[in-house]
Protein chains: 2
Amino acid sequence: MRQPPPVETFPANTPAASQIFTTVLSHGPLTRLEAARRAGLSPAAVTKAVKPLIEAGYLVEDTADEGRPTLGRPANPVRVDGGRALFLGVKVTGDEIIAVLTDLCCRIRADRRLPLAGRDTRSVLADIARLVDELLLSADELGSTVQGLGIAVSGDVDRAEGVVRYSPFLEWRDVPLAELAAMTCGLPVTVDNDVRALTVAEQWFGEGVGLSDFAVVTVGAGIGCGLVVHGRVVSGAHGVAGEIGHVTVDPAGPACHCGNRGCVEAIAGEAAIVRQVRAATGRQVADATEAVALAHRAVPGVREVYARAGEAIGRGIATVANLLGPERVIISGEGLAAHDLFAGQIRDAFTAAAFGSAARCDVLTRPLPFEEWARGAAATAIQSFISSDHPQPSR
Amino acid sequence: MRQPPPVETFPANTPAASQIFTTVLSHGPLTRLEAARRAGLSPAAVTKAVKPLIEAGYLVEDTADEGRPTLGRPANPVRVDGGRALFLGVKVTGDEIIAVLTDLCCRIRADRRLPLAGRDTRSVLADIARLVDELLLSADELGSTVQGLGIAVSGDVDRAEGVVRYSPFLEWRDVPLAELAAMTCGLPVTVDNDVRALTVAEQWFGEGVGLSDFAVVTVGAGIGCGLVVHGRVVSGAHGVAGEIGHVTVDPAGPACHCGNRGCVEAIAGEAAIVRQVRAATGRQVADATEAVALAHRAVPGVREVYARAGEAIGRGIATVANLLGPERVIISGEGLAAHDLFAGQIRDAFTAAAFGSAARCDVLTRPLPFEEWARGAAATAIQSFISSDHPQPSR
DNA sequence: GGGCTTCTTTTCCGTCGTCAATAAAAGAAG
DNA sequence: CTTCTTTTATTGACGACGGAAAAGAAGCCC
């Protein structure tokens with residue numbers, strides 16, 4: 001195994017410094033005055049926080065002198081130097097591992113995929129280590145060092161403890177993944193639920209920037225949901241939240257693997273759609289791609305399946321909006337390949353079922369390449385790095 | 001109009017002091033060491049925070065020396081002196097006003113009810129003023145002074161601005177109620193949504209004490225829901241949240257006044273139940289009380305109506321649990337008069353529809369006398385008083 | 001080159017909370 | 001009856017942090 005570089009500590013000890021850095025990270029180049037206003041702090045505090053960050057190379061002065069007002073001393077915006085530090089993000093599914101190398105601004109610099117050799121902890125860890133090694137080489141070529149590794153797993157994950165409590169796809173229970181991976185890779189490791197990781201990425205680097213209340217809904221094999229309330233990602237008292245996939249939208253609907261009937265996932269999940277398309281056409285349909293193709297060829301009955309799926313998703317989103325009143329809902333996921341097939345139904349069902357001001361919620365779709373999941377994992381690593389609450393690799 | 005007493009300022013300027021006071025308020029008598037542990041502060045901080053609070057009379061040393069361990073210096077617990085300050089809580093419905101006088105510990109000391117003379121702002125304000133005056137007299141008899149007034153109104157309320165954005169029952173739009181009432185009564189006024197006010201009361205003085213994630217579901221004329229996430233009451237980006245009443249539980253269900261079908265409220269709201277009981281029995285049924293009576297007399301078809309209502313409520317609660325993963329759900333409201341008629345169904349439907357760990361959520365029912373709504377309003381006033389973010393009466 | 005405006009930095013200061021040492025209040029031991 | 005032990009509370013020194021205000025800096029305009 002390659003020896004990873006020594007890990008630095010981030011020179012933002014105080015809450016204010018951390019907050020200012022995050023503000024600049026999310027809102028791009030900012031003058032000190034603007035940063036102060038955005039973070040609700042005094043300009044003096046910004047100067048004090050920024051200085052060590054510039055000295056350490058995490059921030060740089062931006063000499064973009066355009067659109068400057070003609071009067072007064074020119075502003076001196078600062079921005080994050082993305083190349084200053086690199087991070088790894090790994091998404092583990094039931095079949096494969098997707099890994100990305102990102103910079104500090106969470107831009108993807110390299111990526112790798114690897115089919116899963118086996119689902120036992122040992123095998124998965126070995127596969128992760130292999131991809132990590134490859135990406136560490138890419139990092140060397142970029143002339144920067146990797147400061148953390150984020151791993152995203154679907155299921156019940158305790159981020160604080162770095163433990164995968166239960167993963168249905170991997171059939172894992174109480175696996176201390178952060179500790180294990182830290183020992184294997186020699187990097188600080190953050191482990192989180194995949195949808196929450198994606199939500200963090202949206203919150204810091206995507207369409208959730210600056211919003212204190214929003215939701216991310218992922219449409220794919222499952223239907224997931226990440227929630228941000230009061231500016232924080234919701235984890236629930238028992239580590240599980242955002243199970244929009246198992247919100248009942250039709251008590252008379254099809255049975256779901258969860259034991260209930262008419263869950264969103266039982267109508268709009270990938271498996272459910274494939275099953276319904278098969279039933280409607282009487283043809284062999286292997287996967288979602290084929291189902292979409294049939295729909296686009298206007299095979300009778302297929303579009304109706306997607307319409308029903310869109311309706312279920314729209315109702316689910318309306319439920320979230322009615323309960324939490326988010327400012328925005330970001331719909332994402334592999335399932336958006338079929339976007340044109342149900343976008344209208346999502347919108348209609350949402351509008352119909354959203355109550356009062358909840359309808360003012362902004363619903364947008366955002367196509368999501370699969371690497372995005374891994375990028376989410378990297379975002380959690382960046383978050384941990386900045387908050388300096390890294391679980392130290394214990395070896 | 002009686003001259004109300006001058007308003008004091010609460011001697012807990014620092015966040016830590018405020019937090020320690022709140023901790024003692026919610027958790028009853030606490031030794032300084034315990035309070036420190038609970039609030040996550042040093043014992044020294046507690047001593048410093050407690051001293052001025054004792055001097056000002058808000059805290060008193062409790063000399064309850066029972067169950068003391070036999071060794072070491074005896075602990076010296078402190079508790080809040082409820083009688084030190086009084087508060088008024090007013091709940092305004094479409095028909096009447098309920099007002100309570102509480103002490104600092106939010107114990108009800110006196111209460112009044114008054115049918116609404118009219119629904120226009122002027123008339124309602126006059127009625128509020130009348131009840132406030134009466135209760136200020138009671139306050140004099142108790143030998144303490146009133147430090148704030150809380151008003152709870154159903155609908156879309158902006159607490160920070162003290163404005164009722166929209167109240168369907170009163171047909172109000174953008175009424176600056178806090179300012180108006182402050183001028184009329186000469187007290188600091190806090191205005192909040194009624195369900196949120198009740199949630200605050202549960203959070204500080206009820207079954208939500210010590211929980212960072214829980215929900216309050218009210219069953220009555222409407223079905224409401226207050227949410228606490230990350231220890232804070234959720235208000236939503238547009239001021240509306242917790243609309244569990246308009247979560248769809250059966251797309252084939254009865255039409256709701258909100259324009260949708262199969263909302264929880266359209267099945268389990270008071271009006272819906274009365275309508276269904278009428279249809280099932282063919283009898284004249286005036287209100288919920290009669291409907292409950294019919295059910296208790298085992299009139300055919302009536303119990304089924306309640307069973308359906310319980311199922312709808314249970315599903316709604318399961319939806320909340322699936323999305324937010326609260327630690328507890330507190331079911332409350334006037335509708336609980338029919339508690340025995342649907343408690344079983346609520347529980348069954350919840351268990352069936354709750355996914356994974358969400359089912360570990362603790363669902364409890366809590367009968368709620370109508371004054372409790374007004375007590376919730378008082379709780380918001382207490383909260384404002386302690387946080388010292390009182391909107392000053394501007395006159 | 002002053003004057004003006006706006007952004008940034010510096011210096012000083014008050015606040016707050018922790019640390020570590022000390023005091024206090026018992027019962028237990030001798 | 002004194003001293004020790006144990007636990008709780010208080011004190012005072014200290015350091016960190018962020019704000020206020022004033023000074024400095026860097027342009028444009030005349």
Is the shortest side-chain heavy-atom distance between [X] and [Y] below 4.5 Å?
X: Leu59(B); Y: Val50(B); answer: yes
X: Leu101(B); Y: Leu142(B); answer: yes
X: Arg159(B); Y: Ser235(B); answer: no

Spacing of [X] atom [atom1] relative to [N] atom [atom2], expressed in whole Å:
X: Ile54(A); N: dT9(C); atom1: CD1; atom2: P; value: 7 Å
X: Glu61(B); N: dA9(D); atom1: CD; atom2: C1'; value: 10 Å
X: Leu41(A); N: dT8(C); atom1: CG; atom2: C1'; value: 16 Å
X: Gln19(B); N: dC16(C); atom1: CD; atom2: P; value: 14 Å
X: Arg37(B); N: dT7(D); atom1: CZ; atom2: C1'; value: 15 Å
X: Arg32(B); N: dT8(D); atom1: CZ; atom2: P; value: 13 Å

As a test of reading the structure: which of [options] is closest to the side chain of [X], going by heavy atoms?
X: Pro15(B); options: dA26(C), dA9(D), dG17(C); result: dG17(C)
X: Ser42(A); options: dT8(C), dG19(D), dT5(C); result: dG19(D)
X: Asn76(B); options: dT18(C), dA9(D), dA28(C); result: dA9(D)
X: Ala75(B); options: dT10(D), dT6(D), dA9(D); result: dA9(D)
X: Ala44(B); options: dA9(D), dA21(D), dT11(D); result: dT11(D)

Point to revise | N or O in side chain of Lys51(B) less than 4.0 angstrom from dA9(D) OP1/OP2 | key: no

Check your understanding: Across the strands shown, which category fits Leu33(A) at heavy-atom distances under 4.0 angstrom: base, sugar-phosphate, nothing?
Key -> base

Exercise for review: Have a look at Thr14(A) and say if it touches a base, only the backbone sugar-phosphate, or nothing, with a 4.0 Å heavy-atom cut-off.
Suggested key: sugar-phosphate

Point to revise | Base-pairing assignment for dA29(C) (Watson-Crick or G-U wobble, both under 3.5 Å) | key: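 The base-pairing partner of dA29(C), which may sit in any strand shown, is dT2(D).
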
Review point. Is Arg73(B) side chain donor-acceptor paired with the dT8(D) base, going by distance under 3.5 Å alone?
Key: yes

Check your understanding: Does Lys48(B) get its side chain close enough to the base of dT18(C), under 3.5 Å, for a donor-acceptor pair?
Key ->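 Under the 3.5 Å cut-off, the side chain and the base do form a donor-acceptor pair.
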
Exercise for review: Return the set of residues passing side chain to side chain contact (heavy atoms under 4.5 Å, CB included) with Arg107(B) (not counting sequence neighbours), or none when no residue passes.
Suggested key: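 With neighbours one apart ignored, the set is Asp103(B), Cys105(B).
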
Check your understanding: Okay, side chain of Ser144(A), backbone of Gly83(A): is any donor-acceptor separation there less than 3.5 Å?
Key -> yes

